[in-house]
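Keep in mind that what you see is a predicted model, and the values were worked out from it rather than measured. In what follows, chains are A, B, ... by sequence order, proteins preceding strands, each numbered from 1.
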Number of protein chains: 2
Amino acid sequence: MPKQNTVFKDAYNRCLRLLVVGESLPSEPELCNLLGVSRTTVRSILSQMVEAGLIEWNKRSKAVQRSPVKADFFPEHETNSLSEVIERTFMKRILIGGGEPGMQINELELAREIGVGTTSVREFLIRFSRFGLIEKRPNSHWVLKGFTRQFAEELIDVREMFELKSAAAFVSLPAEDPAWVELEALRRAHVEVLADIDSRYLEFSELDDRLHRLIQQASGNRFIIDFYDIIAIVFHYHYQWNKANARERNGKAILEHLDYIEALKTRRPEAVEAACRLHLSSARLSLMQSLSTAA
Amino acid sequence: MPKQNTVFKDAYNRCLRLLVVGESLPSEPELCNLLGVSRTTVRSILSQMVEAGLIEWNKRSKAVQRSPVKADFFPEHETNSLSEVIERTFMKRILIGGGEPGMQINELELAREIGVGTTSVREFLIRFSRFGLIEKRPNSHWVLKGFTRQFAEELIDVREMFELKSAAAFVSLPAEDPAWVELEALRRAHVEVLADIDSRYLEFSELDDRLHRLIQQASGNRFIIDFYDIIAIVFHYHYQWNKANARERNGKAILEHLDYIEALKTRRPEAVEAACRLHLSSARLSLMQSLSTAA
DNA sequence: GGGCTGCACTTTATCGACAAAGAACACAAA
DNA sequence: TTTGTGTTCTTTGTCGATAAAGTGCAGCCC
């Protein structure tokens, strides 16, 4: 089985949502933009839709015949790319299941467990190794270094350096920079979630990601921006399986974010640094606490 | 052709140097340690040496029959691992040959040019991508971001942050830490090279690498330590093909290093910071200058 | 003339296969 | 009782093959 056709399936599903009975789908190039795939894939989708009796397709006209029903969609798990599947399985294994430091990682075993070829696993591990959680012994196995307190501390130390630098750069952004607009949008989103915190506290993760990425972006430094990927993935998976005190933790963090955003808006470096430090040390504390309860 | 036997060939060559006529080679496990390979490889080497009439091998006795001659050695290029070959070729291409930013990188073409399979090239590119010089468009090609002034500045900005942090950590190392011994050894090596700078100035690169790695190590932070790999590879290849003013540049840098080392030995944070900043800004200047002459 | 379609072609993602390299274990020697 | 050897088995590194996905060009339609 070369290449899964997950790109096709995912785009097909998304394309189904564009169908409006009586109307015609837009041109092929336009669909490419809408779906973010190449024309070849768009044409496969159109062909398939003809087969399914969803549209009549003749040159420029792509008349919609009926609305899609549930059975028209591909099952969601078939739309995940291989690397996503591998990543999830792997993270589950090392963050939950026995992820003792020093453990050996076996490419073949992992591949069999997930049901994919060794090449895919290998490439995943290589990509993943930049996160500092695993290490390769050449001509031999990988070693799991483990999501330990030590790891968390090293990660957060660098994060603090970078975030302070980025936040400082943020205040010198010109007034017309789109980041200011986005910052205001984010502030509103925070306020909205806060207003209904008891039922929406889980949305914090997304806000957190957006805010911090926006700030790192201001550094204009690819190493700083790329580093945030490590933080994001670690926080993402860790808190996904570790929801103790999430309501309380997230509520507090949203308030800190709002202070941080206000500080950025004043453009006063000292105010920004203070708010930034406050939030970061609180985030550090939460992570370390959740680590000790987990262990 | 699965797996090149470069490990074997390289170990074989190194093993040839251990041969002393009249004596016997040590035990298999000991050879493993000496050569840094597994017993399987050691045994292949011994078999091969028997075939070549270099030794008589009977259980524990491995009596050396004759000294190796030049023809006994495998040619050096056959002892380089595939990834080394790929790395060199690739770096040559992007640092010297037309490495215009935005250029597309074609896995297949690269593989053919180097004469290896696509998998190896692919894995190299994935590993290399963490250096921030290339970027992947999923399901499509890689994009060369280019070794530009911009890149150099981003790299050096982070380097300065990390090195200052590491140097600060260095002064708080306990007196019995082996780093102090290594530091003194390095100081002597610097003095030696300096004494004969006109003929030995090219040895500076190695000293530079050793000193900075020693200092980063003190941070105890894997992200800081790993980041130094990026700096090392960039400086390595850049100055390897760019030797303008090398004599002068290296002489100056050695003096700065000696100041830096002295400062570390005083264990006074301010002195260290000053020496560190001085050296780093001078290194930055050299790199930026050599970039403008190259472009 | 500018955008759209049809078609042929290129490149990537993934697999299975296989030799090189590593690891495990029982037996032998000192 | 420790250390070394013989043997067997496992795992990694690399390749070529192939379907999926992307790209480029010639001609067509408004």
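- Per the geometry, CG belonging to A:L82 stands 11 Å off P belonging to D:dA21, to the nearest Å.
- Judged by atom type and distance alone, A:T40 reaches the base of D:dT23 through a side-chain donor-acceptor pair under 3.5 Å.
- Contact annotation: A:R60 side-chain N/O to C:dT5 OP1/OP2 distance is not under 4.0 Å.
- Between A:N58 and C:dT5, a side-chain N or O to OP1/OP2 separation shorter than 4.0 Å is absent.
- At a threshold of 4.0 angstrom between heavy atoms, the contacts of A:T6 are confined to the sugar-phosphate backbone, with no base atom among them.
- For the pair A:Q4 and B:V37, nearest-nucleotide mapping onto DNA chain C gives the more 5' position to A:Q4.
- B:E30 has its CD atom 7 Å from the P atom of D:dG4, to the nearest Å.
- Salt-bridge formation is not detected for the pair A:E28/A:K62: no Lys NZ or Arg NE/NH1/NH2 atom is positioned less than 4.0 Å from an Asp or Glu carboxylate oxygen.
- Following rounding to the nearest Å, A:L31 (CG) and D:dG22 (C1') show an atom-to-atom distance of 16 Å.
- When the nearest nucleotides of DNA chain C are assigned to B:P2 and B:R112 by heavy-atom distance, the more 5′-ward of the two goes with B:R112.
- The phosphate of C:dT5 has OP1 or OP2 within less than 4.0 Å of a side-chain N or O from A:K62.
- For D:dT12, the OP1/OP2 oxygens have no side-chain nitrogen or oxygen of A:N139 closer than 4.0 Å.
- A distance-only check finds a donor-acceptor pair linking the side chain of A:Q65 to the backbone of A:A63 [under 3.5 Å].
- One interatomic measurement links the two molecules: NZ of B:K136 to C1' of D:dG22, which rounds to 11 Å at whole-angstrom precision.
- No hydrogens or angles were tested; on distance alone, a donor-acceptor pair under 3.5 Å links the side chain of B:R39 to the base of D:dG6.
- The CH2 atom of A:W142 sits 19 Å away from the C1' atom of C:dA23 (whole-angstrom rounding).
- Cation-pi geometry between B:R159 and A:F223 is not met: the NZ or CZ atom fails to fall both under 6.0 Å from the ring centre and inside 45° of the normal.
- Distance, A:L108 CG to C:dC15 C1': 13 Å, rounded to whole Å.
- Salt bridge B:D226/B:R130: absent, no basic N to carboxylate O contact under 4.0 Å.
- Ionic pairing of A:E87 and A:R127 is not present here: no N-O contact between side-chain nitrogen and carboxylate oxygen is shorter than 4.0 angstrom.
- Between the CG atom of A:N106 and the C1' atom of C:dA24 there is a distance of 14 Å, given to the nearest Å.
- In this structure, A:T118 does not reach the D:dT11 phosphate: none of its side-chain N or O atoms is under 4.0 Å from OP1 or OP2.
- Applying the 4.0 Å criterion to OP1 and OP2 of C:dA21, one finds that B:K9 has every side-chain N and O outside that range.
- When the P atom of D:dT12 is taken as reference, atom CD1 of A:I134 falls 12 Å away, rounded to whole Å.
- Residue B:T119 is in base contact, counting any heavy-atom pair closer than 4.0 Å across all strands shown.
- If B:G115 and B:P29 are placed on DNA chain D by their nearest nucleotide, the residue sitting closer to the 5' end is B:P29.
- Between A:S44 and D:dA21 there is no side-chain polar atom (N or O) within less than 4.0 angstrom of OP1 or OP2.
- Between B:N5 and D:dT14 there is no side-chain polar atom (N or O) within less than 4.0 angstrom of OP1 or OP2.
- Few gaps surround CD on A:E113; more than 12 heavy atoms of other groups in view lie less than 6.0 Å from it.
- Using a 4.0 Å cut-off, some side-chain N or O of B:T41 falls inside it from OP1 or OP2 of C:dG22.
- Taking the six-membered ring for Trp, A:F162 and B:F162 have ring centres closer than 6.0 Å.
- Side-chain N/O atoms of A:K3 and base N/O atoms of C:dT12 include a donor-acceptor pair closer than 3.5 Å.
- Residue-to-nucleotide contacts include no donor-acceptor pair under 3.5 Å from the side chain of B:R137 to the base of D:dG22.
- B:S140 has a side-chain polar atom (N or O) that falls below the 4.0 Å cut-off from OP1 or OP2 of D:dT23.
- Side-chain nitrogen and oxygen atoms of B:S120 include at least one within less than 4.0 Å of the OP1 or OP2 phosphate oxygen of D:dC15.
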